[in-house]
Undergrad: 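The structure that follows is given in the form of structure tokens.
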Amino acid sequence: MKIRRSAILLLFVVSFLSSVRIGHAAPQWEPAKTWVFFVSLVKWKDSDSFESFPEENRKDIVFLDTLRKRGVTDDHIAYLKDSAATTAAVERRFDEFLRKPGPDDWVLVYFSGHGYKNDDGVSYLATYDVDDERDGWRFDAVPAAIDRYFRGSHAIIALDACFSGAMANDVKRVKRRVSYAVFASSLASQESTSDWTFTEALISAFGGAPFVDQNHDGHITFDEMGRNAVEDMLFGEEQMATIAYTGNFDSQAVVADSTPPASPRIGERVEAYSQDGWYKGYIADIRADQYRIHYYGYDDSEDEWVTTRSIRSPKVVHYVIGEKVDVQWKKQWYPATVLRVKASSQLVKYAVYGNERNEWVSSARIRRRT
């Protein structure tokens, strides 16, 4: 009897260890089963209210091309660009689009452009024809439509826009049938940079850039993609990004496989001297004693090879929690107190406003009280 119990126990241990080794691997994102709804604008009809972005160096197109190269097929993509992305067109196409994927498919929604809030604090994505009489694409309408029409169970929402962190609040506000991963370039209360830094971080992850693989196991997970994007925005733009997961979305699911980098310094965030000053970027390649630097906000064609003498660790002005400072808002300076610090970004509370106006500010907007 003791022998039989020992044998049963041994079989149980072997079975358990086998399941740990091979049976419980994180799922892999499948491009062929992913449907992409892609909306991107660099110009708007009401150009006085919504400033245009440069047409050249558009990284939205690079991101879409990266998804295609990974295996997302053209018949699974809906792409609305600039003047084609009116409020009515986006809402109509989105509802139609969501009815097409099957129960085992995933959906990825991407928006780049302006985001804004109305006087009631409701967040919108700025479609092409938004003005005083016409609203844009309401944030909470995105997960509402997905839950209503999409037959699958997993959705990725990636937003490169002002106030985009509000999407994380919207997917969590009510009980959802679908599980979500939200990648947003800013906080719910924060404007976003006009550069493509956040979208570039998505391109690096989906494209399998080795430096995104933070634990060097040959796989880039959603979690690693999110953490890399947060670090890029904090370093390159002094801005806080928002990453959130709901339901049973597995943040350890694999986005892309990667190969080990040629050097552990590849991907390192640095400042490099170019022509007239120091610019932020990361080491993209190394040969002998030279480093190829990719600058945040610039095209790959503007990468530069520099020597060790031309790169340095960033110089950070350190503020301490509780320090009294002045913060700039719309060209005026207001007294405030530092509540939290992350790299070159500070969470401040204004002396004349309540906690609802607390915000993270970059080094360019803060100074020591004189």
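Along the sequence shown, residues carry numbers from 1. Just so it is clear, the structure is predicted and the values come from calculations on it, not from any experiment.
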Undergrad: Tell me, please, which residues at least two apart from R265 pass salt bridge (Lys or Arg N to Asp or Glu O under 4.0 Å).
TA: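 Here the qualifying residues are E268.
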Undergrad: If you measure from the Lys or Arg side-chain nitrogens to the Asp or Glu carboxylate oxygens, is any gap between K349 and E359 under 4.0 Å?
TA: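 No, no charged N to carboxylate O under 4.0 Å.
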Undergrad: Check this for me: does any side-chain nitrogen of one of R68 and D65 sit under 4.0 Å from a carboxylate oxygen of the other?
TA: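 Salt bridge: no.
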Undergrad: Less than 3.5 Å apart, which donor and acceptor atoms pair up between the side chains of residues 197-204 and the rest of the protein, not counting sequence neighbours?
TA:
| residue | atom | partner | partner atom | Å |
| --- | --- | --- | --- | --- |
| T197 | OG1 | E237 | OE2 | 2.5 |
| T199 | OG1 | Y110 | OH | 2.8 |
| T199 | OG1 | D160 | OD2 | 2.7 |
| E200 | OE2 | H294 | NE2 | 2.7 |
| S204 | OG | E200 | O | 3.1 |

Undergrad: Quick one: do R292 and E304 make a salt bridge, cutoff under 4.0 Å?
TA: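 The answer is no: the pair does not qualify as a salt bridge.
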Undergrad: With the threshold set at 4.0 Å, does a side-chain nitrogen-carboxylate oxygen contact exist between R367 and D326?
TA: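 D326 and R367: salt-bridged.
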Undergrad: Any chance you could lay out the salt bridge (Lys or Arg N to Asp or Glu O under 4.0 Å) test for D300 and K59, step after step, and finish with the verdict?
TA: CA-CA 10 Å; D300 293 349; K59 293 299 183 179; 3.7 Å; yes
Undergrad: Looking at W333, I want to see if its CH2 is surrounded by more than 12 non-hydrogen atoms of other residues, nucleotides or ligands under 6.0 Å.
TA: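 Result for CH2/W333: enclosed.
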Undergrad: Would you be so kind as to tabulate the donor-acceptor pairs closer than 3.5 Å made by side chains of residues 96-109, with sequence neighbours excluded?
TA:
| residue | atom | partner | partner atom | Å |
| --- | --- | --- | --- | --- |
| R99 | NH1 | D95 | O | 3.1 |
| D105 | OD2 | W35 | NE1 | 3.1 |
| D105 | OD2 | G102 | N | 2.7 |

Undergrad: Is there a continuous path of hydrophobic side-chain contacts, each under 4.5 Å between heavy atoms, that joins V36 to F63?
TA: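 The answer is yes; both residues are in one hydrophobic cluster.
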Undergrad: Please check: side-chain N/O of Y245 versus main-chain N/O of F222, any donor-acceptor pairing under 3.5 Å?
TA: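 Indeed, once roles are kept as given, a pair shorter than 3.5 Å links the two residues.
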Undergrad: Go through F53 and H114 one step at a time and tell me if the ring-ring contact (aromatic ring centres under 6.0 Å, His included) criterion holds.
TA: CA-CA 10 Å; F53 302 145; H114 285 296; 4.7 Å; yes
Undergrad: Thinking salt bridges, do K43 and D82 make one under a 4.0 Å N-O criterion?
TA: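 Looking at D82 together with K43, the answer is no, because their closest N to O distance does not fall below 4.0 Å.
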Undergrad: Would you say that more than 12 heavy atoms from the other residues, nucleotides or ligands in this model lie under 6.0 Å from the CD of E51, or not?
TA: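 No, because the 6.0 Å sphere around CD of E51 holds 12 heavy atoms or fewer from other groups.
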Undergrad: Would you mind checking if K81 and D60 are paired as a salt bridge, meaning a charged N to carboxylate O distance below 4.0 Å?
TA: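 Between K81 and D60 there is no salt bridge, as every charged N stays at least 4.0 Å from the carboxylate O atoms.
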Undergrad: Does W360 belong to the same Ile/Leu/Val/Met/Phe/Trp/Tyr cluster as M233, with side-chain heavy atoms less than 4.5 Å apart forming each link?
TA: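 Different clusters.
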Undergrad: Is E191 salt-bridged to K117, cutoff N-O under 4.0 Å?
TA: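 Judged by the 4.0 Å cut-off on N to carboxylate O distance, E191 and K117 do not form a salt bridge.
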Undergrad: I'd like to know if R177 and D147 make a salt bridge, using a cut-off of under 4.0 Å between side-chain N and carboxylate O.
TA: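 Here R177 does not pair with D147 in a salt bridge, since their nearest N and O are not under 4.0 Å apart.
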Undergrad: Is the gap between the ring centers of F94 and Y149 under 6.0 Å?
TA: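 No, they do not, as the ring centres are separated by 6.0 Å or more.
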